[in-house]
Amino acid sequence: LQAQDKNNPWQFSFGTNAIDVEADTNTQFADFFDIDRKWNTAKSPISMFTISKYIGDNLSFGVGASFNSIKNYATGLELPGVTNDYFSIDAMLKYDLSEFLSIKILGTTFEPFVGVGPGWTSFSNQDGLTANLSLGINYWLTETFGVVAMSEYKHNLTDLDQSLMLDEGGTMRWSLMFVIKFGKSE
């Protein structure tokens, strides 16, 4: 296993992400994957960055930022012809599950993880705090380079006027990023 650990304490990731502003606790499972009608991506192919540091016992702490252009709004909250910018800054305490739940498919090892943490999101004229829950999986191409796929539910914590909300109380973020580990000690 090649997870981020005390021998490779730093990890930098960059890649792309998509936001579904209609996601909430009432969303049907299949609706999460309605890419054409629900997902919003940035104009740039690189729209998400994270950096994290291993802190011990399979735990890492990281911060990240992402941006998107929202054109697919929650049903009934559409603004025709308008694209709004969506920015978020998040912190995450990540727990590497690969010690207990290593996934092997056709001889390839995937390393799952879970994460929790707070975030701050700016969307149109709305700003607010979020509580985030993440699930992801790492695949290492070499000892220091890999890819990570992650899905994250971001629940709005700020009490906004319901008539101003352009989402339904939460969002889903899907991301695919390249990963670089560094800081290896000898």
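Between F182 and W10, the ring planes are parallel. Angles under 30° get that label, and only those over 60° would be called perpendicular. Ring geometry for Y95 versus F100: interplanar angle under 30°, hence parallel rather than tilted (30 to 60°).
Aromatic pair F14/F49: centroids not less than 6.0 angstrom apart.
T130 has its side chain within reach of D90: a pair of non-hydrogen atoms, C-beta onward, lies under 4.5 Å apart. For the pair I51 and V63, the minimum side-chain heavy-atom distance is below 4.5 Å. K94 places none of its side-chain heavy atoms less than 4.5 Å from the side chain of M150.
Once rounded to the nearest 0.5 Å, the distance linking CD of E152 with CG of L133 reads 8.0 Å. Interatomic distance, I19 CD1 to S175 OG, rounded to the nearest 0.5 Å: 9.0 Å. Rounding to the nearest 0.5 angstrom, the gap separating the OG atom in S88 from the CG atom in N132 is 7.5 Å. To the nearest 0.5 Å, the span separating CZ on F110 from CG on N138 amounts to 11.0 Å.
Between the side chain of K53 and the backbone N or O of Q11, no donor-acceptor pair lies under 3.5 Å. Side-chain atoms of S44 come within 3.5 Å of backbone atoms of I46 as a donor-acceptor pair (strictly under, hydrogens ignored). No donor-acceptor pair closer than 3.5 Å links the side chain of D57 to the backbone N or O of L59.
Looking only at atom types and distance, the side chain of S134 has no donor-acceptor partner in the side chain of R173 under 3.5 Å away. Looking only at atom types and distance, the side chain of S47 has a donor-acceptor partner in the side chain of N17 under 3.5 Å away. E111 and W140 share a side-chain donor-acceptor pair at under 3.5 Å. Neither side chain, S60 nor S52, offers a donor N or O lying under 3.5 Å from an acceptor on the other.
Considering all non-hydrogen atoms of both residues, N68 and A18 come closest at ND2-CA, 4.0 Å.
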